[in-house]
> 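Once you've had a glance at the structure underneath, I'll fire off some questions.
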Amino acid sequence: MDKLIITAAICGAEVLKEHNPAVPYTVEECVREARSAYDAGASIIHLHVRYDNGTPTQDKERFRVIMEAIAHACPGVIIQPSTGGAVGMTNDERLQPTELNPEMATLDCGTLNFGGDEIFENTENTIKYFGKRMIQRGIKPELEVFDKSMIEMALRLEKKGYIQKPMHFDFVMGVNGGIGGSLRDFVFLRGSIPSDATYTVAGLGRYEMSLAAAAIIDGGHVRVGFEDNVYVSKGVLAKSNGELVQKVVRLARELGREIATPAEAREILSLPIKQ
Ligand code: KMH
Ligand code: ZN
């Protein structure tokens, strides 16, 4: 079984300091949170950025500054910018961080309700547009799927040449509007991807650690972090993203799974070689 790749989604676009005061907004706070996750064993940082007042942005220059600061503080770490951004952003706004040629970026594979009146919109043409951009720039997409139908979409677009193999999925489970976070739902998604694909699982809220345990046992990979969950145990706020990563590392040790370094993660995910 491959070593376990841990991704830390340190910030997200929706979670606020009101939910957990350690949610990072400033450059320094992003570096602090990325470093805590990296020191604990994360090899990938899934990155959204904010302005200092907490407003989410896909501004290329803001990404550049924060990515450079994280790369400096966390040597070798894989930085995976979001192209999902926040609900309501335009496609070209969302795609800005791809202009920095990261090794990876997210590629959201369908539209879903996102709470209240919010709709996270990803039409088929949007997914094709994002997929083509990532192929042109040699960026490995992490295929974010919030439901089974989004796996079908990704598989269809792979056949049409908008996504390349080997495919890497992120099962985002437990979003209000997407698939649930039960073991049954996990088995369903996991059984629906090709045998040569890899996956990570991001369980929202109370599903984070149970789905992490399932993926550790199954040979998959795990994403944790404030974007998905701010609690380290019931009613107890995590002090940092690192504390959530530490918990996954403890689970993995108990279950006999070793943790991948960033270099090992690059190999497992067949990441493109960048200069
Ligand atoms: N903030 C969500 C609307 C991604 O990073 O690609 C989208 C999201 C997905 O978080
Ligand atoms: Zn995200």
Side-chain angles (χ1 to χ4, degrees), residues 6-16 19 23-25 30 33-34 37 42 44-51 54-59 62-63 66-67 70 78-98 100 102-123 126-131 133-134 139-147 150-151 153-154 157 163 167-179 199-205 207-208 221-230 241 244:
I6 303 176
T7 299
I10 60 171
C11 161
E14 290 81 23
V15 68
L16 300 168
H19 303 117
V23 170
Y25 296 167
C30 286
E33 287 306 309
I44 302 179
I45 303 296
H46 168 66
L47 190 65
H48 291 251
V49 300
R50 318 278 188 97
Y51 291 118
T55 306
T57 176
Q58 291 292 101
D59 179 69
R62 185 71 171 174
F63 261 101
I66 295 181
M67 285 170 70
I70 290 175
I78 299 161
I79 302 176
Q80 177 201 85
S82 169
T83 67
V87 169
M89 292 176 171
T90 66
N91 289 348
D92 287 325
E93 200 177 352
R94 286 167 51 181
L95 277 170
Q96 287 180 80
T98 63
L100 302 170
E103 292 172 276
M104 296 185 87
T106 53
L107 173 50
D108 294 278
C109 293
T111 294
L112 77 158
N113 278 328
F114 220 68
D117 288 327
E118 307 251 277
I119 298 175
F120 181 36
E121 204 176 297
N122 296 283
T123 66
T126 293
I127 305 164
K128 286 178 173 173
Y129 183 50
F130 282 37
R133 168 74 63 92
M134 292 191 203
I139 300 167
K140 169 109 181 184
E142 177 161 293
L143 304 165
E144 296 229 350
V145 293
F146 297 77
D147 218 331
M150 299 191 194
I151 295 178
M153 174 66 85
L157 294 189
I163 295 169
M167 300 165 87
H168 176 63
F169 290 86
D170 179 20
F171 305 149
V172 188
M173 302 183 65
V175 174
N176 179 8
I179 199 165
Y199 76 87
T200 192
V201 67
L204 273 279
Y207 298 119
E208 186 167 75
H221 304 284
V222 172
R223 176 175 116 174
V224 292
F226 289 158
E227 177 166 347
D228 305 326
N229 166 48
V230 294
N241 278 275
L244 295 167

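Both ligands and their constituent atoms are indexed starting at 1 by order of listing. This is a predicted model, so every value here is computed, not measured. Values below: every heavy atom of this structure, side chains too, minus hydrogens, waters and symmetry copies.
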> How wide is the angle at the Zn ion (ligand 2) between NE2 in H48 and NE2 in H46, to the nearest 10°?
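That angle works out to 100° after rounding to 10°.
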
> Which of these, Q58, E14, E227, sits in a side chain to side chain donor-acceptor pair (under 3.5 Å) with H48?
E227

> With side-chain contact (heavy atoms from CB on, under 4.5 Å) as the criterion, how do R50 and L16 come out once you've worked through the C-alpha distance, each side chain's angles and the decisive distance to 0.1 Å?
CA-CA 11 Å; R50 318 278 188 97; L16 300 168; 4.1 Å; yes

> Which atom name would you report as the N, O or S atom of E227 nearest the Zn ion (ligand 2)?
OE2

> Could you pull out the closest heavy-atom pair between I119 and V87, with the gap in Å?
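For I119 and V87, the tightest heavy-atom pair comes out as O-CG1, 3.4 Å.
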
> Restricting to non-hydrogen atoms, name the atom on R223 and the atom on D228 that form the minimum distance, rounded to 0.1 Å.
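R223 and D228 have their closest heavy atoms at NH2-OD1, 2.8 Å.
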
> Is the ring pair F171/Y199 parallel, tilted or perpendicular, if the boundaries are 30 and 60 degrees?
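Correct class here is parallel.
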
> Given side chain to side chain donor-acceptor pair (under 3.5 Å), test R94 with N122 step by step and report yes or no.
CA-CA 11 Å; R94 286 167 51 181; N122 296 283; 2.6 Å; yes

> For a distance cut-off of 3.5 Å, show me each N or O of ligand 1 paired with any protein N or O, plus the separation.
unit_1	atom_1	unit_2	atom_2	d
ligand 1	1 (N)	E14	OE1	3.2
ligand 1	1 (N)	E14	OE2	2.8
ligand 1	1 (N)	G85	O	2.8
ligand 1	5 (O)	H46	NE2	3.2
ligand 1	5 (O)	H48	NE2	3.1
ligand 1	5 (O)	S82	OG	2.7
ligand 1	6 (O)	S82	OG	3.4
ligand 1	6 (O)	G84	N	3.3
ligand 1	6 (O)	T106	OG1	2.7
ligand 1	6 (O)	D108	OD1	3.3
ligand 1	6 (O)	D108	OD2	2.6
ligand 1	10 (O)	H48	NE2	3.2
ligand 1	10 (O)	E227	OE2	3.0

> Do any of the N/O/S atoms of E144, backbone or side chain, fall under 2.8 Å from the Zn ion (ligand 2)?
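Short answer: no, not a single N, O or S atom is under the cut-off.
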
> Could you tell me whether the side chains of R133 and T98 share a donor-acceptor contact shorter than 3.5 Å?
yes

